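Throughout, a chain's letter reflects where its sequence line sits, starting with A, and its residues are numbered from 1. Only heavy atoms go into these numbers, but all of them, side chains included; no hydrogens, no water, no symmetry mates. Because the structure is predicted, anything quoted here is derived from the model rather than measured.
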Amino acid sequence: MHSFRLVVKELLYRKVNSLVILLTVIAASMVSVAMITLSKASENETRKIMREQGLNLYIFPKGTNLIDFYSVNNTSTFPEKYVDTLAGSKTFDAVRHLTGILQLKYPEWTDPNGSLHQIVVVGYKDEVMQRFLPKQETMGFDVARGTVHVGALLAKNIPEGETFKITGQDGVLHEFIIAKRLEEGKGMIDQGVAFYLGDLQLLLGMEGRINKIEALGCVCHDGRIKNARNQVDAIFPDLEVTEISNIADARENQRLMMNKYGSFIIPFVILTSLLISGLMFYANVSARRNEIGLMKAIGKSNLYISSMILLKAFILGLLGSIAGFFAGMLVAGYFGKEIFKFTASDIQPLWNIFGYGIIIFPVLWMLSSWIPALLATQVDAAQILSQE
Amino acid sequence: MLNINHITKTYRKGGKSFTALDDVTFKAEKGDYIAIVGPSGSGKSTLLHTIGGLIHPESGQILYKDRDIYSLNSHGADLYRRENVGFVFQQFHLVPYLSVYENIKLVCIQPACTQHIESYLEKCSITPLRNKYPAELSVGEKQRIAFIRAIITKPDILLADEPTGNLDPLNSSIIMSLIADFHKEGGTVLLVSHDQGTAKYAGRYITLQGGKLV
């Protein structure tokens, strides 16, 4: 008789034992999948929040006075192609999401009512993908050519449906479609306008020039900023790196928090489940002593006898991992909606986790049944079979 | 065919030792029907299980076709039991989650073995029980199935340990006549019993007392 059929029949016969073992796998798989999915969602949420807050590293020309940078228009500029050079460097990996920016004060902007205002104009270059790093979702300020995003304070002075008009360095009035009216509370851009970099450079007669690169610093063992500074300095000694530490800290803390919970909860649940499962397999072997004794008497090998237990563990591990994956996704979806405002709808099944799960859990549960399987081979058939 | 040479088996428990078999020696030829009799605790079952390769003796040899079964490796010992020995026990030891047919098929390796199951079921008048489970059967029916399971592979030796111990007289006589049929077809039977009525089917008696042949 095929051992698979034998195992399935036994599994269905001793329903309670099988069900408890199955539940331990489901619990372990569900918690792992939910934690990993929520951790991923947390990363996505952080990314979205960071996008809202801006990037955490600023790269300026060396010697830039930050007070001047925000108040007057005499900061140094540097070539826009620096961004591409950094992105193309194999050794430049401490910084992600490189976005070239030209940011200036525009002293006399006339609103549609004829009033004069001093506004901030910011040109964003498309975020540059780093060739030697894994591709990531862009975080930059995506402004399309010919359009602008208008800050909340300015938007109040521009009627709906109107275009944004501004006089260029050439004295000509330029017109841009308002693609987005930004919400209040975005910082300096509340009183400014975001352009496509090329458009702003043309407007101001500063083709090919930028005065800032915004980026995201990595979480590095020897400190975020130190690594980034060394790497930038090695390529462009005329640039320096400044960190907006509250943003960087928020990002890092959120990542560490999820990793900390995950690194405690997942092993705890898996080990507890494995222990319960191991005890259930032990109970199963004890309940099957007669049957195991008979198997020995009819000449079944120790390998056959232990494989009956291991195969049962494999089947339950496989079924439990599949059920646990979908249960974990439901849990992550349910709690994710409560926890993550921005990315709740983006919580999707992580199919690579499913792939790992259907391999790891059957193997782990076979390991938990290993000692009971060995004990099964040690059953004294003569003692069992001669009982009256 | 079967030489039991100076077999000794001692059990030790809590600092005390108990000699179950003490220098037991006898021969069984093909076609012999031997009843092993003696009082409880005399070592009958131990001797039967030792011949079946389930209890390793301290000393002595069990030679089957001139080969010591305890010199075989694990695989060889499994093969010896699978191909040459059939067991019938007082408790039937049917697998509770397998049907009658599946319980018998459990021992079959070759397709030819499986093909004989139906004819044996018919011979033992239990064909209608084919798809029933052990919990649905009477003790007599269970023992008939255990008997078919023991002989379906056509072993040389049938080791029967008190096969009628739990049966009423009618079922006892059915089982004993089935064992007799196996013997008539050339099988070797070693039957443990303390019931003289059952032992009368045997052509030869071996009496054990305190682990010794008397």
Practice prompt. Would you mind checking which part of A:Glu291 comes under 4.5 Å of any heavy atom in chain B, side chain (CB onward), backbone (N, CA, C, O), both or neither?
Written response: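 Side chain of A:Glu291 only, per the 4.5 Å heavy-atom cut-off to chain B.
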Practice prompt. Side chain from CB out, backbone as N, CA, C, O: work out which of these in A:Ile298 comes under 4.5 Å of a heavy atom of chain B, or both, or neither.
Written response: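 Contact with chain B involves both backbone and side-chain atoms of A:Ile298.
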Fill in: Pairs touching residues 51-74 of chain B that satisfy ring pair (Phe, Tyr, Trp, His ring centres under 6.0 Å), sequence neighbours left out
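Qualifying pairs, neighbours excluded: B:His56-B:Tyr70, B:Tyr64-B:Tyr80.
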Where on [X] is there a heavy atom nearer than 4.5 Å to chain A: the side chain, the backbone, both, or neither?
{"X": "B:Tyr11", "answer": "neither"}
{"X": "B:Pro155", "answer": "neither"}
{"X": "B:Leu94", "answer": "neither"}

Fill in: Backbone of B:Phe89 reached by a side-chain donor or acceptor of B:His93 within 3.5 Å
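Checked: no pair found.
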Worksheet item: Among all residues two or more places apart in sequence or in another chain, which pass the side-chain hydrogen bond (donor to acceptor under 3.5 Å, both in side chains) test with B:Arg130?
Response: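 Partners of B:Arg130 by the side-chain hydrogen bond (donor to acceptor under 3.5 Å, both in side chains) criterion, ordered by chain and then number, come out as B:Glu118.
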Practice prompt. Using a cut-off of under 4.5 Å on heavy-atom pairs, state which of A:Lys296, A:Arg14, A:Arg288 scores highest against chain B.
Written response: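 Top count of heavy-atom pairs under 4.5 Å with chain B: A:Lys296.
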Worksheet item: If you count heavy-atom pairs under 4.5 Å with chain A, which of B:Pro96, B:Gly86, B:Ser74 comes out on top?
Response: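 Looking at each of B:Pro96, B:Gly86, B:Ser74 in turn, B:Pro96 comes out on top.
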Worksheet item: In terms of the angle between their ring planes, are A:Phe361 and A:Trp365 parallel, tilted or perpendicular, with boundaries placed at 30° and 60°?
Response: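 Ring orientation, 0 to 90° scale: tilted.
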Worksheet entry | Carboxylate-amine/guanidinium proximity below 4.0 Å for B:Glu185 and B:Lys154 |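 Salt bridge: no.
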Discussion item. With rounding to the nearest 0.5 angstrom, report the OG1 to CD1 distance, B:Thr164 to B:Ile175.
Written reply: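 Taking OG1 in B:Thr164 and CD1 in B:Ile175, the distance rounds to 9.0 Å.
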